[in-house]
Amino acid sequence: MPCKRSLRLLIKQLERLIVQYVSFVLLFYPAAYQPGEACAAVAEEGGTSAATLILCRACGHELAHGTDIHFVPSRLALSGRNDTLVGGRRVNIQLFENPHGHQFEVITFRKADVTQHWPADKHFSWFPGFSWTVATCPRCKTHLGWSFQPSDWPDTITKTNFDESEHTFLALITHRLLREDFASSLLMTPKSFMS
């Protein structure tokens, strides 16, 4: 019995240590708050690995691959910037403001595993000539961004039509995304647990 109690105590101490470590990393590691660095796809020089996954920051659901990032410029963006990681590709991030004054930094994707909430709206679009609809995480329902389709399309379309078209794209909010390899770097397995 004393062995089990000691093991429980050790596990609780280890959990506290891990929480403190993650808190320290989030507070003092700048990349944890740099949206582009946290979700930009990283790969070998000049390329993007198809294996790089972009995750929902809230629940870890796999949303897209790094190769799905596709820059769609907008003249309505308040600003734009490139984020580049060492050995990675450039990711274009645009800043937009909605009619309520809320600002969002977004990365545009060709496709992603999100739930779209049709009908699409033609008003207040950040991309002229496109209608938008809200895009959420299919697992946790967190608002991740918006899906855009040509304005001359019907307000409601099927997900298959959206995914198969070359004229559609998504604008996902950077701070609601997480790169899988970045998430993995925040977790540490104690050496005593490794075989």
Please assess Asp83 against Ile93 for the test side-chain contact (heavy atoms from CB on, under 4.5 Å), listing each intermediate value before the final yes or no.
CA-CA 7 Å; Asp83 268 350; Ile93 297 175; 3.5 Å; yes

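- Of all heavy-atom pairs between Leu178 and Arg57, the closest is CD1-NH2, 3.7 Å.
- Note: Cys137 SG to Leu144 CG = 5.5 Å, rounded to the nearest 0.5 Å.
- Separation of atoms CG (Leu95) and CG (Leu76) is listed at 12.5 Å; rounding is to 0.5 Å.
- Here the side chain of Asp163 pairs no donor or acceptor atom with the backbone of Thr160 at under 3.5 angstrom.
- Side-chain contact annotation: His100 with Asn98, donor-acceptor N/O pair under 3.5 Å absent.
- Nearest heavy atom pair, residue Thr133 against residue Ala120, reads CB-CA, 4.2 Å.
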Step by step, work out the side-chain contact (heavy atoms from CB on, under 4.5 Å) result for Cys140 and Cys56.
CA-CA 9 Å; Cys140 70; Cys56 171; 3.7 Å; yes

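- Looking only at atom types and distance, the side chain of His117 has a donor-acceptor partner in the side chain of Thr136 under 3.5 Å away.
- Residue Phe148 forms a ring pair (Phe, Tyr, Trp, His ring centres under 6.0 Å) with just one option from Phe169, Trp153, Phe109, and that option is Phe169.
- For the atom pair CD (Gln103) and CG (Leu78), the distance works out to 5.5 Å, reported to the nearest 0.5 Å.
- Here the shortest heavy-atom pairing between Ile54 and Leu177 reads CG2-CB, 4.0 Å.
- Counting heavy atoms from C-beta on, the side chains of Leu172 and Ile107 never come closer than 4.5 Å.
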Worked check of side-chain contact (heavy atoms from CB on, under 4.5 Å) between Glu105 and Arg81
CA-CA 10 Å; Glu105 280 192 324; Arg81 64 184 170 89; 2.9 Å; yes

Take Phe96 and Phe127, measure what ring-ring contact (aromatic ring centres under 6.0 Å, His included) needs, and give me the verdict at the end.
CA-CA 10 Å; Phe96 293 100; Phe127 296 89; 5.4 Å; yes

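- Using a distance-only test at 3.5 Å, with no hydrogens or angles considered, no donor-acceptor pair links the side chain of Thr156 to the main chain of Trp118.
- Side-chain atoms of Thr174 never come within 3.5 Å of backbone atoms of Val106 as a donor-acceptor pair (strictly under, hydrogens ignored).
- The pair Arg110-Glu166 does not meet the salt-bridge criterion, since no charged nitrogen lies less than 4.0 angstrom from a carboxylate oxygen.
- To the nearest 0.5 Å, atom CZ of residue Arg139 and atom CG of residue Leu63 are 9.5 Å apart.
- In terms of modelled atom types and a separation under 3.5 Å, the side chain of Thr168 and the main chain of Phe162 share a donor-acceptor contact.
- Using modelled atom types, one side-chain atom of Thr158 and one backbone atom of Asn161 make a donor-acceptor pair closer than 3.5 Å.
- Donor-acceptor pairing under 3.5 Å is recorded for the side chains of His143 and Arg176.
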Where do Glu62 and Leu55 land on the side-chain contact (heavy atoms from CB on, under 4.5 Å) test, with the steps shown first?
CA-CA 5 Å; Glu62 296 176 3; Leu55 311 174; 3.7 Å; yes

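- In this structure, a donor-acceptor pair under 3.5 Å is present between the side chains of Gln116 and Ser147.
- Here the side chain of Trp132 pairs a donor or acceptor atom with the backbone of His123 at under 3.5 angstrom.
- To the nearest 0.5 Å, the span separating CG on Leu170 from CD on Gln149 amounts to 10.5 Å.
- The minimum heavy-atom distance linking His61 with Pro138 is given by the pair NE2-CG, 3.4 Å.
- The CG atom of Asp121 sits 13.0 Å away from atom CH2 of Trp146, with the distance rounded to the nearest 0.5 Å.
- A donor-acceptor pair is defined here as one N or O able to donate and one able to accept, closer than 3.5 Å; no such pair exists between the side chain of Lys122 and the backbone of Gly129.
- Taking every heavy atom of both residues into account, Ser74 and Gln94 meet most closely at N-OE1, 3.1 Å.
- Shortest non-hydrogen contact noted between Phe130 and His167 is CE2-O, 3.1 Å.
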